[in-house]
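I have placed the structure first, in the form of structure tokens, so that the comments after it can refer back to it.
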Amino acid sequence: MRQVIIICVAFFTISSTNTIHESVSATFNIIERGHVLLLEIDFDEENFIKYGETNSLKITKEDFRKYLQETTSWEIDGRTIMPQILSLKSVREHTKVICFLSKAKKNIKTVKVRNEFLIDVKNHSNIIKLDINKSYKDFRMHKERKELKVIY
């Protein structure tokens, strides 16, 4: 009897894991690394291929650059910044992109973000993480919250 209970619990756990684990989001992490500010982006590759205006089944730097510029804007201390893609790597169903933002600045006062990245995906959220000024803050953006201004 004990073995039957264990098998049943294992079966229900395995069968329900896929829907529980599913998180529809992309993360955008602005971090200081040495003398530079980087933007690390992690997102679901399948969602980008469906909604990211690409004609390919593989994400290219050029397609990603265009889509990122159309769907996001970044401003630090009143200065607009265009992320420069350093690397783009897909592993299984996720893609990670690392972008150069600027030389690191001491005591950043404001960060302003507009983010509509993959906003057409049902229940999608964009998580903005700011790891700057020796502090950490994170924010959730979605269809009803597309712009954010953080004052330090």
Side-chain angles (χ1 to χ4, degrees), residues 13-152:
T13 302
I14 291 170
S15 64
S16 66
T17 313
N18 290 341
T19 57
I20 292 172
H21 180 68
E22 186 70 26
S23 174
V24 186
S25 65
T27 59
F28 296 78
N29 191 9
I30 296 179
I31 56 172
E32 292 177 271
R33 289 281 191 251
H35 300 290
V36 297
L37 281 177
L38 297 177
L39 173 64
E40 294 179 348
I41 307 167
D42 189 15
F43 58 94
D44 185 292
E45 181 176 48
E46 182 179 337
N47 287 339
F48 185 85
I49 290 170
K50 284 182 185 176
Y51 297 97
E53 300 175 20
T54 182
N55 297 324
S56 174
L57 293 177
K58 183 168 172 63
I59 301 170
T60 66
K61 281 186 179 182
E62 185 58 26
D63 283 343
F64 185 79
R65 183 191 61 76
K66 285 180 186 176
Y67 186 74
L68 186 66
Q69 287 180 355
E70 290 172 7
T71 59
T72 68
S73 64
W74 308 88
E75 190 177 293
I76 297 177
D77 289 339
R79 185 174 154 243
T80 300
I81 297 175
M82 298 296 265
Q84 298 172 2
I85 299 172
L86 300 175
S87 70
L88 185 145
K89 184 175 182 179
S90 295
V91 177
R92 293 189 186 139
E93 67 274 353
H94 285 272
T95 298
K96 183 169 187 162
V97 180
I98 298 176
C99 303
F100 171 81
L101 288 179
S102 71
K103 292 182 179 179
K105 295 179 67 179
K106 299 285 183 197
N107 301 318
I108 293 172
K109 302 289 186 232
T110 61
V111 176
K112 187 175 178 183
V113 177
R114 177 189 60 85
N115 194 319
E116 298 177 35
F117 189 86
L118 298 178
I119 206 74
D120 294 328
V121 176
K122 185 179 178 183
N123 298 323
H124 183 80
S125 294
N126 289 313
I127 310 301
I128 308 299
K129 300 177 180 181
L130 304 174
D131 193 0
I132 55 178
N133 287 351
K134 297 181 181 176
S135 68
Y136 178 82
K137 299 178 182 193
D138 59 348
F139 306 89
R140 179 176 168 257
M141 299 178 80
H142 44 81
K143 278 194 177 202
E144 288 76 40
R145 184 184 191 190
K146 298 176 186 175
E147 293 191 17
L148 167 72
K149 184 173 183 177
V150 181
I151 299 173
Y152 285 88

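This is a predicted model, so every value here is computed, not measured. FYI, the numbering just counts along the sequence from 1.
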Can you confirm whether [X] sits close enough to [Y] that some side-chain heavy atom of one is under 4.5 Å from a side-chain heavy atom of the other?
X      : Y      : value
Val111 : Ile128 : no
Thr80  : Trp74  : no
His94  : Asp42  : yes

At what distance, to the nearest 0.5 angstrom, does [atom1] of [X] lie from [atom2] of [Y]?
X      : Y      : atom1 : atom2 : value
Ser102 : Ile76  : OG    : CD1   : 5.0 Å
Leu88  : Arg65  : CG    : CZ    : 13.0 Å
Ile81  : Lys112 : CD1   : NZ    : 13.5 Å

Should Ile49 and Leu57 be marked as a side chain to side chain contact (heavy atoms under 4.5 Å, CB included) after you check the CA-CA gap, both sets of side-chain angles, and the distance that decides it?
CA-CA 6 Å; Ile49 290 170; Leu57 293 177; 4.1 Å; yes

Does the side chain to side chain contact (heavy atoms under 4.5 Å, CB included) test come out yes or no for Phe48 and Thr95, once each step is laid out?
CA-CA 9 Å; Phe48 185 85; Thr95 298; over 6 Å; no

Closest non-hydrogen atom pair, [X] against [Y]:
X      : Y      : result
Arg33  : Glu40  : NH2-OE2, 4.3 Å
Ile85  : Lys61  : CD1-O, 3.6 Å
Gly34  : Ala104 : O-CB, 4.1 Å
Ala26  : His124 : N-CE1, 3.6 Å
Phe117 : Asn126 : O-ND2, 2.9 Å
Lys137 : Phe139 : CB-CE1, 3.7 Å

Go through it in stages, so that I can follow the logic: the residues are Leu86 and Leu38, the test is side chain to side chain contact (heavy atoms under 4.5 Å, CB included), and I'd like the CA-CA distance, side-chain angles, deciding distance and then a yes or no.
CA-CA 10 Å; Leu86 300 175; Leu38 297 177; 4.1 Å; yes

Ring center gap for Tyr51 and Phe43 short of 6.0 angstrom
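For Tyr51 and Phe43, the ring centres are not under 6.0 Å apart.
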
So for atom CD, which belongs to Glu46, do other residues, nucleotides or ligands contribute more than 12 heavy atoms lying within a distance under 6.0 Å?
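Atom CD in Glu46 is not crowded, with 12 or fewer foreign heavy atoms closer than 6.0 Å.
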
Please evaluate residues Glu147 and Lys149 with respect to the criterion salt bridge (Lys or Arg N to Asp or Glu O under 4.0 Å), reporting the C-alpha separation (whole Å), side-chain torsions for both, the decisive distance (0.1 Å), and the verdict.
CA-CA 7 Å; Glu147 293 191 17; Lys149 184 173 183 177; over 6 Å; no

Look only at the side chain of Asp77 and the backbone of Thr110, and say whether a donor-acceptor pair between them is shorter than 3.5 Å.
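Looks like yes, one N/O pair under 3.5 Å.
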
Any donor-acceptor pair under 3.5 Å from Asn133 side chain to Ser135 backbone:
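Side chain of Asn133 to backbone of Ser135, a donor-acceptor pair under 3.5 Å: no, none is there.
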
Between Tyr152 and Leu130, does a side chain to side chain contact (heavy atoms under 4.5 Å, CB included) hold up when you go through it step by step?
CA-CA 11 Å; Tyr152 285 88; Leu130 304 174; 3.4 Å; yes

